[in-house]
Asks: 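Below is a structure I'd like to ask you about.
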Amino acid sequence: MLDRKAVREFLDEELKETEVPDDIFKKALVESFCKYVEDDYYEWLKDNFKSFFNCGNPDWQWIRERIKKYRGMT
């Protein structure tokens, strides 16, 4: 779940030169944008899960190497 306050600040910065219509309330805009991103994020996670775990046939040696890499051991 995204931090709504952080997203609001992000949107404020990104939209500072864009006129948002008066009938679009900031809270609704932030919430809708967050839901949009979270939906996409979930799909991205599922795709990466399939890739990382080789579509249900994990290559544990490859995973060990990734763990070492991200722990700074290589």
Side-chain angles (χ1 to χ4, degrees):
M1 180 161 242
L2 295 174
D3 179 335
R4 274 31 183 184
K5 182 178 182 232
V7 170
R8 181 184 178 114
E9 291 170 2
F10 171 79
L11 289 177
D12 285 345
E13 181 64 27
E14 293 298 315
L15 295 172
K16 68 182 173 189
E17 295 183 21
T18 302
E19 189 173 331
V20 177
D22 292 339
D23 64 330
I24 296 180
F25 299 103
K26 182 148 310 179
K27 184 175 182 177
L29 181 61
V30 168
E31 187 60 27
S32 294
F33 183 73
C34 285
K35 294 289 186 186
Y36 176 83
V37 171
E38 288 167 350
D39 287 347
D40 187 54
Y41 181 69
Y42 181 71
E43 290 303 315
W44 175 80
L45 278 174
K46 289 191 325 187
D47 289 343
N48 279 282
F49 179 85
K50 289 176 191 173
S51 175
F52 190 87
F53 291 101
N54 196 28
C55 295
N57 187 23
D59 178 347
W60 294 111
Q61 187 55 42
W62 180 85
I63 291 171
R64 284 182 189 95
E65 293 300 318
R66 302 307 286 184
I67 292 169
K68 286 179 187 177
K69 176 182 177 184
Y70 292 121
R71 291 173 101 186
M73 298 175 76
T74 58

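This is a predicted model, so every value here is computed, not measured. Counting from 1, the numbers follow the sequence of the chain as shown.
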Asks: Below 30° counts as parallel, above 60° as perpendicular, anything between as tilted: where do the rings of Phe53 and Trp60 land?
Replies: perpendicular
Asks: Give the cluster check for Phe49 versus Tyr41: same hydrophobic cluster or not, with ILVMFWY residues linked at side-chain heavy-atom distances below 4.5 Å.
Replies: no
Asks: When clusters are formed by joining ILVMFWY residues with side-chain heavy atoms under 4.5 Å apart, either directly or through shared neighbours, do Tyr36 and Tyr42 land in the same one?
Replies: no
Asks: Using the rule given for side-chain contact (heavy atoms from CB on, under 4.5 Å), can you reason through Val7 versus Val37, listing the C-alpha separation, both sets of side-chain angles and the distance that settles it, and then say yes or no?
Replies: CA-CA 10 Å; Val7 170; Val37 171; over 6 Å; no
Asks: Could you go through Leu2 and Arg4, starting from their C-alpha distance and side-chain angles, then the distance that decides it, and tell me whether this counts as side-chain contact (heavy atoms from CB on, under 4.5 Å)?
Replies: CA-CA 6 Å; Leu2 295 174; Arg4 274 31 183 184; 3.8 Å; yes
Asks: Any side-chain heavy atom of Arg66 within less than 4.5 Å of one from Trp62?
Replies: yes
Asks: With rounding to the nearest 0.5 angstrom, report the CD to CD distance, Glu38 to Glu43.
Replies: 13.0 Å
Asks: Is Val20 reachable from Phe25 through a run of hydrophobic residues whose side-chain heavy atoms are each under 4.5 Å from the next?
Replies: no
Asks: Is there a path from Ile24 to Phe10 through hydrophobic residues (I, L, V, M, F, W, Y) whose side chains come within less than 4.5 Å of each other?
Replies: yes
Asks: Any salt bridge between Glu31 and Lys27, counting N to O under 4.0 Å?
Replies: no
Asks: With side-chain contact (heavy atoms from CB on, under 4.5 Å) as the test, would you mind laying out the steps for Lys26 and Leu11 before giving the verdict?
Replies: CA-CA 9 Å; Lys26 182 148 310 179; Leu11 289 177; over 6 Å; no
Asks: Same cluster or not: Tyr70 versus Phe52, using hydrophobic residues (I, L, V, M, F, W, Y) connected whenever any side-chain heavy atoms lie under 4.5 Å apart?
Replies: no
